[in-house]
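Chain letters run A, B, ... following the sequence lines, proteins first, then strands; residues in each count from 1. Note that the coordinates shown come from a computational prediction; the quantities given were computed from them, not determined experimentally.
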Protein chains: 2
Amino acid sequence: MAVTIKDVARVSGVHVSTVSRAFSATHLVNADTRARVLAAAEELGYRPNRAARALSTSRTGNLGLIVADIANPFFPPLLKAAQAQARARDYHVFIADTDEQTRVEEELVRSMAKQVDGAVLVAPRLTNRVIAELAREIPLVVVNRRLRGVSGVLMDVGAGARRAMEHLVELGHREIVVVGGPSRAWTSGEIERATEHIAQDHGILIQRVGPNPPTEEGGRAVAEEVVASGATAVLAHNDLLAFGLVRRAIELGLSVPGDLSVIGVDNSHVARYSSPALTTVDMPVAEAGRGAVDLLLRSVDAAESTGTVTLETSLVVRASTAPPVLSQKRH
Amino acid sequence: MAVTIKDVARVSGVHVSTVSRAFSATHLVNADTRARVLAAAEELGYRPNRAARALSTSRTGNLGLIVADIANPFFPPLLKAAQAQARARDYHVFIADTDEQTRVEEELVRSMAKQVDGAVLVAPRLTNRVIAELAREIPLVVVNRRLRGVSGVLMDVGAGARRAMEHLVELGHREIVVVGGPSRAWTSGEIERATEHIAQDHGILIQRVGPNPPTEEGGRAVAEEVVASGATAVLAHNDLLAFGLVRRAIELGLSVPGDLSVIGVDNSHVARYSSPALTTVDMPVAEAGRGAVDLLLRSVDAAESTGTVTLETSLVVRASTAPPVLSQKRH
DNA sequence: ATGGTGACGGCAAGCGTTTGCCCCGGGGAT
DNA sequence: ATCCCCGGGGCAAACGCTTGCCGTCACCAT
C-alpha cells in the first residue's frame, strides 16, 4: 500500500538498485537518469523506509535521549536544543523519562539500543560501571558525568558553586548550609568538593543537608532544618530545591534575602520567575544539548573517538542574596 | 556481531521460526521448547530487532509526539505523561519540536510516518485541511483541536475562560482586555468565543489585543497597550504571556493585582512560581497526554475508531486578581 | 579494426523477523 | 487396525532497502 522503491523503479523504468543509488549514492548514477527517478519519486510521494534502510546499513538515523525527569525545568531547554541539532543532521530522536529510577534508565538504553545509532544520557543516575558497560554496546555520550572512555559534556558546576560561595562570602556570610541533591548525580560531588575548598580557604563554616530529591518538595522538606541551623545563607543543589526552600522559609516567617540568602543552580526559568528572583548558577543547557548531539554523531561516524567538552558556568546574581543581618545568633 | 534470532536458534537447537514464535505467539510452541529458547535468549542477551520486526509486521512499536515548543512549560508535563503511558504499553516515543512553524510540523509528520504507528499532534498550528490530509496517511490524534474524523483530546478551555471572566466580573471588573495567543491555535478561538458570551451576558466591555506569540516576550510587548486601554483586568492566552505582562506592568509602575488583575491559562509552574502567584485556568495536561496515547493506541489496534474526549478545566484563584480600585478612569 | 577503459546500471544476496504452508507423528474415534 | 485430527515445528517467501559483483556499451588510443 505504501509506496516503495519498487514502485518508483517501475514508474521510472529502471531497476530498484538504481533508484536506491539515485538517493544515496548520487555520483553513481547518470544525471538524467537520476532526474527521472527523482521525478517519479516526487510524483508518487515516495519516502525511503528508514527501518528497511537500517536493516541493511545498520544505521537507523535515530538517537536516544534519556533524562531523569522531563518535567524538571532543567531538562526541556536541553532537550529542545538537542532535538533541534539532531533534526538539522536529519536524525530523529527518542526521548525517554526514567522517573529518576536507575533500573529504568538501564532498561531504556538496552531496549533502545537496536533502534538508535547512539544515545545521550543526561545527568545519569547510573553507576559508572553500568554506564561503561552500556557504552560498550552502543555509542553513548553523557551529560554532566565524567567517565573515562565515554564521551561527555560537562557543565562546570564546580566553578559555579565556587563563584556562588565567594559571592556569599563577599556579602559577609560565615555560616552556610549546602543543600545536596540526589547522591548519584555527578553535580552533587562537584558541588561538595567546590564548597569544601572555599570553606577551607575562607574559614567558613559549612553544614550539609541531604541527599534530597531535586524537587520543590525536597526544598520545602529541608527548610526547617536549614532555618534551625542558624546559618545565614544556603546554596541549594538546584533551583527547584532552592525555590521550595525559599517558599517554606517565608511561610516560617523569615524574609529572603533578609534573614536568609539562597542560591540555586541551573538558572532554569523558575529562578527568573520566582520572587524573589533567585541568584543562581547559570548552566549552558542549550549548548550542552547541542554539544552532546554533535559529540555523539561524531563518535557514530568516526567509530572510535571519544572526547570531553567542558562548558563554562556563571553566577547570575538576582534578588535572593544579600548581606546577613547582624542579629544575635539564633542558637 | 549483534545477537540475532539465528544465534538463539542455533544455541537452542530449533529453527528460527520457532524462536520467533516463542516470543510472539507463545501458544504455538510447546512449553518446554519455549523454555529452552528463552533460556538461550537470556544467556545470549538476545533482543528482538524492532526494525526488522517492523519490516514484516508493519508495526513499529513507536509513536510520534509533536509539539510547538518543548521549552514552553505547558508541554513538558504532557510529554512526560504521554511518554510514561507509551512506555507502559511498550512503545517508544519520538518527540519533536516544530519551533512554532507549520511547515516543520507537516514535514515532521511525513518524515516520521514510516517509523511510527501513529502520532499525536499537541496544539497543532496546522490548518484543518492539512491535518485531515495527514490523518489519512497515518493514525493521528490531536490535542486541543477539534476536527471531524480525527481523534482528539480537548481541554475545555472555553469553560475555563468563562469561569475566569465570571471571576473577574464578580470582583467588579467591567472593562477587560483579552490578550490573544497564536491565531492558528484552537484555544484562541475557544477563548474568544467564551469571552464574547460572557461579555454579552454581563454587559462587559471587552478589548482584544493580539494575536501574540505565546511567550513572556509577547506579554511584555503588549503591556503598554493593555495599560493604556484603561481596562482593570486582563485574561491572557497563557501563563507565559500573563507573566510577561505582569512583569512589564510592574516595571511601568502599576501594582498587580492592585491596579490590574491578570489571569493566565495553563496552570503551568510559572503560574505557581511567579509573584504574585497567577490566577489561572488549570489544564489537565498529564491526563491529556495519557489520554492522547490511549486514544492513539486504540485507533492503531482497531484501525477505524475515532473519538473525542473532553477534559474539564478549572479556575485556580491565586494572588493576581482582586477587585478593581475605583479611581477615575485613566482615559 | 582491435583491445582497453570507464561509466552506467542490472542482478541477486543479504539485513532480522514474521507467517502461511506443509510435514510428521501420536492419540482418539470408529 | 485404519483413519483423522491436531499439536508442534521446519521451510521459505516476503517485508523495503543497500551493495558487491558483473555485464554492456560507447569511446579512445593504438
Side-chain angles (χ1 to χ4, degrees), chain A residues 1-38 40-41 44-62 90 110-117 137-138, chain B residues 1-38 40-41 44-62 90 92 111-117 137-138:
Chain A
M1 38 174 292
V3 16
T4 78
I5 205 174
K6 277 186 195 162
D7 302 311
V8 179
R10 185 162 27 74
V11 170
S12 51
V14 300
H15 194 266
V16 296
S17 58
T18 303
V19 177
S20 173
R21 285 191 271 256
F23 280 94
S24 39
T26 62
H27 61 286
L28 288 183
V29 33
N30 178 290
D32 292 351
T33 313
R34 173 150 193 269
R36 255 187 19 250
V37 170
L38 294 189
L44 297 175
Y46 168 72
R47 296 267 181 157
N49 180 323
R50 285 180 168 231
R53 179 177 291 184
L55 205 50
S56 57
T57 59
S58 55
R59 288 295 223 81
T60 62
N62 297 147
D90 202 27
R110 290 237 155 79
S111 77
M112 276 188 179
K114 291 279 189 12
Q115 272 195 118
V116 300
D117 295 336
E137 304 175 19
I138 169 187
Chain B
M1 39 174 292
V3 16
T4 78
I5 206 175
K6 278 187 195 162
D7 302 310
V8 178
R10 186 161 27 74
V11 170
S12 50
V14 299
H15 194 265
V16 295
S17 58
T18 303
V19 177
S20 173
R21 285 191 271 255
F23 280 95
S24 40
T26 62
H27 61 287
L28 288 182
V29 33
N30 179 289
D32 292 352
T33 314
R34 173 152 193 268
R36 254 185 23 249
V37 170
L38 294 189
L44 297 176
Y46 167 72
R47 296 266 182 159
N49 180 324
R50 284 178 167 233
R53 178 177 291 182
L55 203 50
S56 59
T57 59
S58 56
R59 288 293 223 82
T60 62
N62 296 149
D90 202 26
H92 286 168
S111 78
M112 277 187 179
K114 290 280 190 11
Q115 270 194 117
V116 300
D117 296 335
E137 304 175 20
I138 168 185

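Here R50(A) contributes atom CZ and M112(B) contributes atom CE; the two are 9.5 Å apart, rounded to the nearest 0.5 Å. Interatomic distance, CG of N30(A) versus CZ of R36(A), reported as 9.0 Å (0.5 Å rounding). To the nearest 0.5 Å, atoms CD1 (I5(A)) and CG (L44(A)) are separated by 12.0 Å. To the nearest 0.5 Å, atoms CG (N49(B)) and CG (L55(B)) are separated by 9.5 Å.
For the pair H15(B) NE2 and dT19(C) P, the interatomic distance rounds to 15 Å; values are reported in whole Å. One atom, CG of L55(B), and another, C1' of dC15(C), lie 9 Å apart when rounded to the nearest Å. Atom-to-atom, CG of N49(A) to C1' of dT17(C) comes out at 14 Å; the value is rounded to the nearest Å. Residue N30(A) contributes atom CG, which lies 5 Å from atom P of dC8(C) at whole-angstrom precision. As a whole-Å value, the separation of K114(A) NZ from dC15(C) C1' is 13 Å. Atom CG in L28(B) sits about 14 Å away from atom P in dC21(C), given to the nearest Å. Note: CG (D32(B)) to P (dG8(D)) measures 10 Å, nearest angstrom. Rounded to whole Å, the distance from CZ on R59(B) to P on dA14(D) is 23 Å.
For dG8(D), its base never sits under 3.5 Å from the side chain of R34(B) at any donor and acceptor pair. Taking only distance into account, the side chain of S56(B) meets the base of dT17(C) through a donor-acceptor pair shorter than 3.5 Å.
Judged purely by atom type and a 3.5 angstrom limit, T60(B) has no side-chain atom pairing as donor or acceptor with the backbone of A54(B).
Proximity note for V14(A) (side chain, C-beta onward) versus dC15(D), dG10(C), dC17(D): the nearest is dG10(C).
As judged by a 4.0 angstrom heavy-atom cut-off over every strand, S20(B) is placed among the base-contacting residues. Using a 4.0 Å heavy-atom criterion, one finds that S17(B) contacts the bases of the nucleic acid, with or without backbone contacts as well. Heavy atoms of R21(A) sit under 4.0 angstrom from at least one base atom. Using a 4.0 Å heavy-atom cutoff across all strands shown, Y46(A) reaches sugar-phosphate atoms only and no base atom. Residue T4(B) is in sugar-phosphate contact alone, with no base atom involved, counting any heavy-atom pair closer than 4.0 Å across all strands shown. Among the protein residues, S58(A) comes within range of no part of the nucleic acid, since none of its heavy atoms lies under 4.0 Å from any strand. Residue V19(B) is out of contact with every strand shown, counting any heavy-atom pair closer than 4.0 Å.
Results of the side-chain contact (heavy atoms from CB on, under 4.5 Å) test with V8(B) over V37(B), V14(B), T18(B) single out V37(B) as the only residue that passes.
OP1 or OP2 of dG10(C) has at least one side-chain nitrogen or oxygen of T18(A) nearer than 4.0 Å. An OP1 or OP2 oxygen of dT18(D) is reached within less than 4.0 angstrom by a side-chain nitrogen or oxygen of S24(A).
Comparing V16(A) and T33(A) by the nucleotide of DNA chain C whose heavy atom lies nearest to each, the residue mapping closer to the 5' end is T33(A). Along DNA chain D, the nucleotide nearest to A52(B) and the one nearest to R53(A) differ in position, and the one closer to the 5' end is contacted by A52(B). Take the nearest nucleotide of DNA chain D for F23(A) and for G13(B): the residue whose nucleotide is more 5' is G13(B).
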